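All heavy atoms count here, side chains included; hydrogens, waters and symmetry mates do not. Source: prediction; values computed, not measured. All residue numbers in this chain count up from 1 along the given sequence.
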Amino acid sequence: MAHEEMIKDNSKLSSYDAYFEKIQSRKKLPQSLQETLTAAFANIPVSSFPQVPGGKVIEILADTSVADALKILSECNILSAPVRNPDTENSSDWRDRYLGIIDYSAIILWVLESAELAAVALSASTATAAGVGAGAVGALGAIALGATGPVAVAGLAAAAVGAAVAGGVAVDKGMGKDGATAADKLGEDFYKVILEDEPFKSTTVRSILKSYRWAPFLPVSTECSMLSVLLLLSKYRLRNVPVIEEGKPDIKNYITQSAVVQGLESCNGRDWFDLIAMQPISELGLPFMSPAEVISIQGDELILEAFKRMRDNQIGGLPVVEGPKKKIVGNVSIKDIGYLLLKSELFSNFRKLTVMDFMQTIASQETGKVIPPITCKLDSTLASVIQSLALKSVHRIYVVAGEDNEVIGVITLRDVISCFIYEPPNHFDNHLGFAVKEILNQ
């Protein structure tokens with residue numbers, strides 16, 4: 001087992017190296033320019049980076065219920081927050097104080113997947129038909145719920161059965177009644193399900209944090225260089241980097257990929273920025289993925305499948321396409337799943353809702369028409385891409401070609417940051433160290 005874990009860890013770090021090596025080999029930039037810019041970032045301390053809006057990082061206690069965590073993220077208009085351990089308030093070590101980062105969309109995905117599992121099992125007349133094994137989703141507290149027969153044997157998680165019960169299906173001895181109806185009506189009053197009913201009411205952030213964590217919790221000190229932060233946000237695929245002061249366990253700042261790209265956009269007109277950003281993206285090797293690597297969703301596929309595809313591939317959005325040539329017709333983002341919270345008419349029939357219907361329904365509630373996806377061409381400048389990402393507050397832009405706007409690539413915030421830096425020899429070992437390597441391998 002230890003040997004298998006070591007192979008897995010080495011594979012993860014190797015994937016980071018492969019990504020960055022691919023970028024460096026495709027960028028057509030003078031080596032002297034890259035070295036000068038990288039050296040400049042290495043001399044900029046993290047403490048100089050602008051503070052989060054309001055000057056205080058929003059944190060969530062580990063024992064906060066899922067429902068209350070959703071409220072905090074929603075009311076503060078943020079997608080993620082550090083999770084603090086209330087049992088170690090007196091510790092001066094951040095490793096004890098913080099358990100990780102909880103993502104708004106990950107919480108919603110947990111709710112949806114639990115609900116879907118319940119609907120499938122309750123629709124089946126036997127455990128075999130349900131196709132859900134105890135090993136896949138955990139043991140069910142069947143005795144506590146008074147359930148026997150196929151529901152209990154299926155081994156559903158308590159949250160899944162709780163969701164189905166909240167959706168209007170009674171767990172009867174020997175059979176879950178009217179499962180198909182439950183699946184369609186599940187969440188008719190979604191807030192009632194997660195705010196008032198068990199087990200959602202008592203499920204804590206702590207209990208789901210590990211299973212739905214997309215990236216490790218890895219803070220840096222205020223004296224760390226911005227180069228190290230940029231490498232973590234690009235090569236090492238972190239979406240955010242908490243900042244702490246030496247000798248103090250509390251988080252002082254929270255640097256995200258979006259904040260960095262917005263900062264780059266404000267540098268428009270400076271010589272060093274223009275030397276790189278005024279070039280066509282094709283000259284910088286963008287997009288870094290091939291057309292075959294682009295993960296997309298057809299408009300007639302289910303919206304739930306779109307969100308699951310994002311989670312399975314650890315990506316934040318998908319181009320919505322039609323036809324064999326993958327003509328882009330829209331975009332669906334992981335944060336769009338929030339509409340399933342706010343619009344009961346969407347969530348009530350989520351098992352049948354297609355991606356296109358989802359987008360059209362959202363549009364009818366807002367602008368009246370589906371918002372066109374944000375795209376660029378191979379001859380677009382990097383500066384124009386950065387401007388679109390920063391001003392529209394999006395995390396990706398799709399590269400299209402031809403009259404049919406066929407999707408041939410995706411440019412992410414990670415890719416943009418990677419264009420401006422490279423990793424000097426031994427930088428990881430000299431400035432981040434073995435402990436960071438261990439965390440990145442988690």
Side-chain angles (χ1 to χ4, degrees), residues 9-27 29 31-50 80 94 101 214-244 246 251-265 267 272-273 276-277 284-286 288-289 314-316 382 386 389 395-396 411-442:
D9 292 346
N10 290 335
S11 176
K12 180 176 287 188
L13 287 176
S14 296
S15 70
Y16 299 146
D17 290 335
Y19 166 81
F20 220 59
E21 287 171 4
K22 181 178 182 180
I23 292 173
Q24 303 311 315
S25 67
R26 295 181 64 169
K27 283 194 297 186
L29 294 174
Q31 185 66 24
S32 58
L33 172 62
Q34 295 191 70
E35 290 177 352
T36 300
L37 192 54
T38 296
F41 283 127
N43 288 322
I44 299 175
V46 168
S47 57
S48 66
F49 196 84
S80 63
W94 62 264
I101 293 174
W214 282 11
F217 179 80
L218 182 54
V220 299
S221 74
T222 52
E223 302 307 311
C224 182
S225 74
M226 278 304 300
L227 175 60
S228 295
V229 171
L230 295 179
L231 284 169
L232 289 172
L233 293 173
S234 56
K235 176 178 179 178
Y236 296 104
R237 206 180 181 184
L238 299 190
R239 296 180 179 179
N240 39 64
V241 177
V243 179
I244 57 176
E246 290 286 353
I251 295 176
K252 183 178 178 61
N253 203 359
Y254 196 65
I255 303 177
T256 65
Q257 290 176 329
S258 293
V260 167
V261 171
Q262 289 171 359
L264 287 172
E265 198 276 331
C267 295
W272 64 265
F273 179 86
I276 297 176
L284 295 166
L286 292 165
F288 295 137
M289 64 176 63
Q314 293 193 354
I315 54 179
L382 179 60
I386 291 174
L389 291 169
H395 292 187
R396 68 202 56 78
I411 299 176
T412 65
L413 299 175
R414 179 194 188 194
D415 298 333
V416 169
I417 297 171
S418 298
C419 287
F420 288 88
I421 57 173
Y422 83 101
E423 186 171 24
N426 303 317
H427 180 87
F428 190 103
D429 294 332
N430 293 339
H431 298 275
L432 297 176
F434 178 75
V436 172
K437 183 178 291 187
E438 282 191 320
I439 295 174
L440 288 170
N441 278 335
Q442 291 179 2

Checklist entry - If we ignore angles and hydrogens, is there a donor and acceptor under 3.5 Å between the side chains of Asp415 and Thr412? => result yes

Just list the side-chain donor-acceptor pairs under 3.5 Å for residues 42-50, sequence neighbours left out, or say none.
from  : atom 1 : to    : atom 2 : distance (Å)
Asn43 : ND2    : Ala39 : O      : 3.1
Ser48 : OG     : Pro45 : O      : 2.7

Item to check | Side-chain touch Leu231/Phe20, heavy atoms, less than 4.5 angstrom | outcome: yes

Checklist entry - What is the minimum heavy-atom distance between Pro424 and Tyr422, and which atoms define it? => result CD-O, 3.3 Å

Checklist entry - Does Leu389 reach the side chain of Gln262, with side-chain heavy atoms less than 4.5 Å apart? => result no

Checklist entry - What are the two closest heavy atoms between Ile421 and Gln24, and how far apart are they? => result O-NE2, 3.4 Å

Checklist outcome for this item: Minimal heavy-atom distance between Gln34 and Leu29, with the atoms involved, is NE2-O, 3.6 Å

Checklist entry - Can you tell me how far the CG atom of Leu264 sits from the CG atom of Leu230, to the nearest 0.5 Å? => result 7.5 Å

Next on the checklist: Could you check whether any side-chain N or O of Gln257 sits under 3.5 Å from a backbone N or O of Leu233, counting only pairs where one atom can act as donor and the other as acceptor?
Outcome noted: yes

Checklist outcome for this item: Shortest non-hydrogen pair, Cys419 vs Phe288, comes out as SG-CZ, 4.1 Å

Checklist entry - Can you find a heavy atom in the side chain of Phe41 that is under 4.5 Å from one in the side chain of Leu37? => result yes

Next on the checklist: Less than 4.5 Å apart, side chain to side chain, heavy atoms only: is that true for Phe420 and Val260?
Outcome noted: no

Next on the checklist: Tell me the closest heavy-atom pair linking Val241 and Leu218, and the distance in Å.
Outcome noted: CG1-O, 3.7 Å

Next on the checklist: Can a donor-acceptor pair be found, under 3.5 Å and without considering hydrogens, that links the side chain of Ser25 to the backbone of Lys22?
Outcome noted: yes

Next on the checklist: Testing the basics here: between Asp17 and Lys235, what is the closest heavy-atom pair and its distance to 0.1 Å?
Outcome noted: OD1-NZ, 2.9 Å

Checklist entry - Would you say Glu246 has more than 12 foreign heavy atoms packed within less than 6.0 Å of its CD? => result no

Checklist entry - Ignoring hydrogens and geometry, is there a side-chain-to-backbone donor-acceptor pair from Arg396 to Ile411 under 3.5 Å? => result no

